[in-house]
Q: 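Mind looking over this structure? Questions follow.
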Amino acid sequence: MAPDAVATLPDQAMAPEPWRIHSVRRDVASNEVFSWTLYPEPGVEPGAAPAPGQFNMLYLFGVGEVPISVSAITDDGGIVHTIRAVGSVTRAMQDLEAGTVVGLRGPFGTAWPLEQPRGRDLVLVAGGIGLAPLRPVIHAALQRRSEFGRVVVCYGARSPGDMIFRDELDAWAERDDVDLRITVDRGTAAWRGDVGVVTQLVDRGGFDRRNTLALTCGPEVMMRFTASALERRGLKPEDIYVSMERNMRCAVGFCGHCQIGAHFVCRDGPVFPYPVMEPAFRVREL
Amino acid sequence: MNELLAIIEEQPFFEDMEPEHRRLLAACAAKCSYTAGTRLMRDHEPTETFWLIREGQVALESPLREGSVAFQTLGTGDILGWSWLLPPYRASYDARAVTDIHTLRFDAGVLRERMEADPAFGYVLMKHFAALIVQRLQAARLQALDIYSHGGPGHGA
């Protein structure tokens with residue numbers, strides 16, 4: 001390979017900056033899902049603010065580093081990350097309290113396409129903790145409400161107790177300019193909402209099939225069935241976007257851990273047009 | 001009749017049907033409202049009806065010893081009931097109005113006779129219900145997979 005064709009890492013791409021946990025929010029009774037609001041330590045010059053859909057690499061010193069989507073951006077430069085304790089690093093993060101300093105690299109990856117033509121209906125379909133990466137989209141859409149037609153938020157959770165951001169869901173439900181639909185896979189005696197998979201909320205329509213942008217985030221099988229439901233409702237595949245989850249390590253398209261076919265999820269994603277990822281959804285064990 | 005036809009024509013479920021088939025359906029339909037708590041179907045009881053839910057919420061429930069458990073809810077635009085299609089024409093779960101609901105109620109016994117008499121109509125309606133049943137079956141499978149119990153997108157390793 002010619003020397004000029006050798007890829008090089010961007011300067012400081014692998015060096016985390018110190019950010020302090022300002023507050024911790026625990027959403028699920030099991031303590032399994034928690035959100036950190038992070039601020040840079042003195043002397044740290046944060047780069048560009050993350051766009052909705054992008055992620056940061058969070059480093060727990062001495063333990064390891066994980067890719068975590070941005071679930072909110074505060075007005076004063078704080079970044080909120082919502083984390084589910086599912087592996088060795090995130091379990092170690094689970095019990096950290098406010099005041100702890102962690103490492104942060106980013107933001108990385110592609111953003112949700114919120115700059116598409118004005119006036120379109122916006123349909124967001126989230127499953128489980130997949131609501132977190134779509135949450136900044138909802139915040140942005142509400143701030144720029146006049147730019148969109150109908151805003152439909154479909155959220156599926158495992159059970160009422162597993163729902164995250166309950167206070168915000170309640171607030172969105174109160175608004176008459178947001179069509180919030182919530183369903184759980186398993187109800188309880190006290191649950192009065194919908195029961196069933198999130199795709200059935202899409203099947204109920206309520207958006208303009210010819211002029212809708214649909215964004216979905218959740219387990220891959222959920223996104224696949226959601227895309228099918230959206231297509232059944234008349235959306236074109238190119239109007240559907242998905243956010244992919246893979247084992248991202250370097251976050252700059254270098255190491256290949258997150259590769260899906262010809263795509264590096266960390267660099268070319270995690271947000272992809274559905275037609276780009278659709279073939280991968282059909283490949284087993286990819 | 002014209003009002004019923006207009007309601008049917010605006011429902012996605014009846015899309016792609018010939019006008020004459022929609023008219024056959026309208027002839028077997030009636031607007032019907034129920035108060036919250038009404039049982040529209042009861043497990044194992046004969047059923048000769050299906051409904052288009054125009055507004056409100058219905059819970060499909062399985063009766064268990066410790067009480068009924070809702071495994072799915074239906075809402076505006078959803079079709080309730082397919083047990084009338086095949087013998088023994090008995091419901092296989094309970095259906096209860098969670099809220100006050102407004103529906104189109106179809107006399108499926110009469111519709112079934114028309115499907116037998118007019119195989120083209122019968123085939124079209126059967127195809128629409130087969131698609132609905134497949135959709136519900138896929139949803140039930142997805143629900144059974146418990147997909148939210150493992151990991152999550154961009155949120156931890």
Side-chain angles (χ1 to χ4, degrees), chain A residues 33 55 64-69 81-91 93 127-130 132-133 156-159 162 181 183 185-187 189 191-201 203-206 217-223 225 228-229 232-233 243-245 247-248 270, chain B residues 10-13 15-16 36-37 52-62 64 66-80 93-99 128 131-157:
Chain A
V33 177
F55 68 95
E65 196 180 41
V66 285
I68 305 289
S69 296
H81 284 290
T82 300
I83 304 161
R84 184 176 184 187
V86 292
S88 57
V89 179
T90 49
R91 284 201 186 95
M93 291 173 162
I129 198 167
R158 190 183 190 203
S159 73
D162 289 302
R181 308 169 183 180
T183 187
D185 279 1
R186 284 160 188 74
W191 175 248
R192 293 289 174 269
D194 273 309
V195 178
V197 292
V198 72
T199 52
Q200 75 181 28
L201 303 180
D203 287 324
R204 289 179 192 165
C217 186
E220 276 182 30
V221 64
M222 181 223 104
M223 292 195 289
F225 278 96
S228 296
R232 204 161 50 231
R233 295 298 306 182
S243 180
M244 300 298 290
E245 157 76 353
N247 182 19
M248 294 178 260
Chain B
E10 68 185 20
Q11 295 300 323
F13 181 75
E15 267 181 7
D16 307 328
L52 164 68
I53 302 169
R54 300 179 59 215
E55 192 181 336
Q57 187 190 48
V58 173
L60 309 183
E61 301 174 330
S62 280
L64 303 174
E66 52 274 20
S68 291
V69 174
F71 58 86
Q72 188 178 22
T73 50
L74 303 178
T76 303
D78 286 333
I79 296 288
L80 166 64
Y93 44 77
D94 291 353
R96 177 179 56 84
V98 178
T99 62
H128 279 69
L132 175 72
I133 292 167
V134 166
Q135 201 175 311
R136 298 263 170 92
L137 176 64
Q138 286 175 339
R141 286 174 172 162
L142 204 54
Q143 209 170 343
L145 284 174
D146 199 12
I147 53 174
Y148 303 129
S149 62
H150 311 289
H155 290 89

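Every chain is numbered from 1, with letters handed out A, B, ... down the list of sequences.
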Q: Would you find more than 12 non-hydrogen atoms of other residues, nucleotides or ligands less than 6.0 Å from E55(B) atom CD?
A: no
Q: Please look at A59(B) and chain A and tell me whether the side chain, the backbone, both or neither of the residue comes under 4.5 angstrom of a heavy atom of that chain.
A: neither
Q: Quick one about Q72(B) and Q200(A) (side-chain donor to acceptor, distance below 3.5 Å, no hydrogens or angles considered), yes or no?
A: yes
Q: Let's test your reading of the structure: which of R232(A), M93(A), M222(A) forms the most heavy-atom pairs below 4.5 Å with chain B?
A: R232(A)
Q: Does a side chain donor of either T73(B) or D194(A) reach within less than 3.5 Å of an acceptor in the other side chain?
A: yes
Q: Should R204(A) and D78(B) count as an ion pair when the cut-off is N to O under 4.0 Å?
A: yes
Q: State whether D203(A) and R233(A) are salt-bridged, where the test is any N-O pair (Lys NZ or Arg NE/NH1/NH2 against Asp/Glu carboxylate O) under 4.0 Å.
A: no
Q: May I ask you to name which of A139(B), A140(B), G77(B) has the most heavy-atom pairs under 4.5 Å with chain A?
A: A139(B)
Q: Given a strict heavy-atom distance threshold of 4.5 Å, which part of A157(A) is in contact with chain B: side chain, backbone, both, or neither?
A: backbone
Q: If I measure from the heavy atoms of chain A, does Q57(B) come under 4.5 Å with its side chain, its backbone, both, or neither?
A: side chain
